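Values in this document were obtained by computation on a predicted structure and should not be read as measured data. We name chains A, B, ... by the order of the sequence lines, and we start the count at 1 in each one.
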Number of protein chains: 2
Amino acid sequence: MSKNLVGNHIRKLRFNHNEMTQQQLADKVGVTRQTIVALEKGNYSPSLELAFRIAHAFHLPLEEVFFYGDDPTQ
Amino acid sequence: MSKNLVGNHIRKLRFNHNEMTQQQLADKVGVTRQTIVALEKGNYSPSLELAFRIAHAFHLPLEEVFFYGDDPTQ
DNA sequence: ACGTAATGTATAGTTTATTATACATTGTGT
DNA sequence: ACACAATGTATAATAAACTATACATTACGT
């Protein structure tokens with residue numbers, strides 16, 4: 001339980017980026033697919049370090065991938 | 001051990017913000033002082049959620065408080 | 001000299017992120 | 001119909017973040 005306050009656009013971004021697969025993203029940022037799955041599902045928020053690596057994988061600033069609060073405002 | 005790849009400007013920012021104390025910042029973002037100490041010392045990188053709360057406490061975007069890699073470039 | 005506020009350091013314990021493994025489901029190509 | 005790639009789901013184990021407690025040090029006000 002315990003509401004997760006951080007959301008992300010990982011899923012959307014994977015498809016905008018060459019239909020990148022969960023496994024490919026996982027390899028690219030050096031985690032397992034399970035971690036990507038959990039993040040897309042919103043099970044928990046990543047470590048800051050992983051958040052940076054994921055943003056870099058999409059060539060985006062961190063705050064365009066992850067957002068605080070319920071409202072992406074975009 | 002295990003090099004921490006994420007750095008921050010928390011210490012500097014505390015002093016730029018009314019000489020804010022470790023305890024005050026801790027209270028403001030809802031963690032213990034020990035966590036702030038550990039972050040300033042670079043013992044580990046915070047959760048993304050905490051990183052957001054700290055950035056908001058200073059009214060700054062996350063990437064002006066935390067940076068990936070060894071070089072702040074500023 | 002004394003009290004107190006801020007910081008530094010250490011360590012054991014709890015919670016959360018991350019891994020590893022495993023199996024089920026859906027879609028696509030042959 | 002079969003093989004395979006991608007995803008969904010679950011659960012136990014490990015690693016990392018975070019708490020709680022405690023004590024030492026430095027500086028500052030009285």
With the side chain of [X] defined as its heavy atoms from C-beta on, choose the nearest nucleotide among [options].
X        : options                   : value
Gln34(B) : dA22(D), dC18(D), dT9(D)  : dA22(D)
Gln22(A) : dT7(C), dT19(C), dG8(D)   : dG8(D)
Tyr44(A) : dT7(D), dA17(C), dA20(C)  : dA17(C)
Thr32(B) : dA17(C), dA20(D), dA20(C) : dA20(D)
Glu40(B) : dC18(D), dA22(C), dG8(C)  : dG8(C)

Euclidean distance, His59(B) NE2 relative to Leu13(B) CG, rounded to 0.5 Å | 12.0 Å
CZ-CG distance between Arg11(B) and Asn8(B), expressed to the nearest 0.5 angstrom |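 Reported to 0.5 Å precision, the distance equals 11.0 Å.
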Considering non-hydrogen atoms only, spot the tightest contact between [X] and [Y] and give its length.
X        : Y        : result
Gly42(A) : Asn4(A)  : O-ND2, 3.4 Å
Phe58(A) : Ile10(A) : CZ-O, 4.3 Å
Glu63(A) : Leu62(B) : OE2-N, 2.9 Å
Ser45(B) : Leu39(B) : C-CD2, 4.2 Å
Pro46(B) : Leu50(B) : CB-CD2, 3.9 Å

Is [X] close enough to [N] that one of its side-chain N or O atoms is under 4.0 Å from OP1 or OP2 there?
X        : N       : value
Ser47(A) : dT18(C) : yes
Ser45(A) : dT16(C) : no
Thr35(B) : dT19(D) : yes

Distance in angstrom units between [X] [atom1] and [N] [atom2], rounded:
X        : N       : atom1 : atom2 : result
Asp27(B) : dA20(D) : CG    : P     : 12 Å
Arg11(A) : dT7(D)  : CZ    : C1'   : 8 Å
Asn43(A) : dT11(D) : CG    : C1'   : 13 Å
Lys41(A) : dT9(D)  : NZ    : P     : 5 Å
Leu39(B) : dG8(C)  : CG    : P     : 13 Å
Gln23(B) : dA5(C)  : CD    : C1'   : 11 Å
Glu19(A) : dA6(D)  : CD    : C1'   : 11 Å
Asn4(A)  : dT16(C) : CG    : P     : 11 Å

Pairs where residues 26-38 of chain B contributes a residue and the test side chain to side chain donor-acceptor pair (under 3.5 Å) is met, not counting sequence neighbours | Gln22(B)-Arg33(B), Gln23(B)-Asp27(B), Thr32(B)-Thr35(B)
Taking the six-membered ring for Trp, are His9(B) and Phe67(B) ring centroids under 6.0 Å apart?
->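 Aromatic pair counts; centres sit under 6.0 Å.
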For Arg14(B), all residues meeting side-chain hydrogen bond (donor to acceptor under 3.5 Å, both in side chains), sequence neighbours excluded |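 Counting only residues at least two positions away or on another chain, Arg14(B) forms a side-chain hydrogen bond (donor to acceptor under 3.5 Å, both in side chains) with Glu40(B).
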Degree of bending in the helix from dA1(C)-dT30(D) to dT30(C)-dA1(D) once both end axes are built from five pairs, to 10° |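 Between the first-five-pair axis and the last-five-pair axis there is 30°.
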Pairs where residues 27-55 of chain A contributes a residue and the test ring pair (Phe, Tyr, Trp, His ring centres under 6.0 Å) is met, not counting sequence neighbours = Phe52(A)-Tyr68(B)
Whether each nucleotide of nucleotides 23-30 of chain D has a protein heavy atom under 4.0 Å at its base (B), only at its sugar-phosphate (S) or at neither (-) is summarised, 5' to 3', as --------
Does any N or O in the side chain of Thr21(A) come within less than 3.5 Å of the main-chain N or O of Gln24(A), such that one atom is a donor and the other an acceptor?
->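 Not confirmed, Thr21(A) side chain does not pair with Gln24(A) backbone.
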For DNA chain D, determine which residues of residues 49-60 of chain B have any heavy atom closer than 4.0 angstrom to one of its atoms, and list them numerically.
-> Leu50(B)
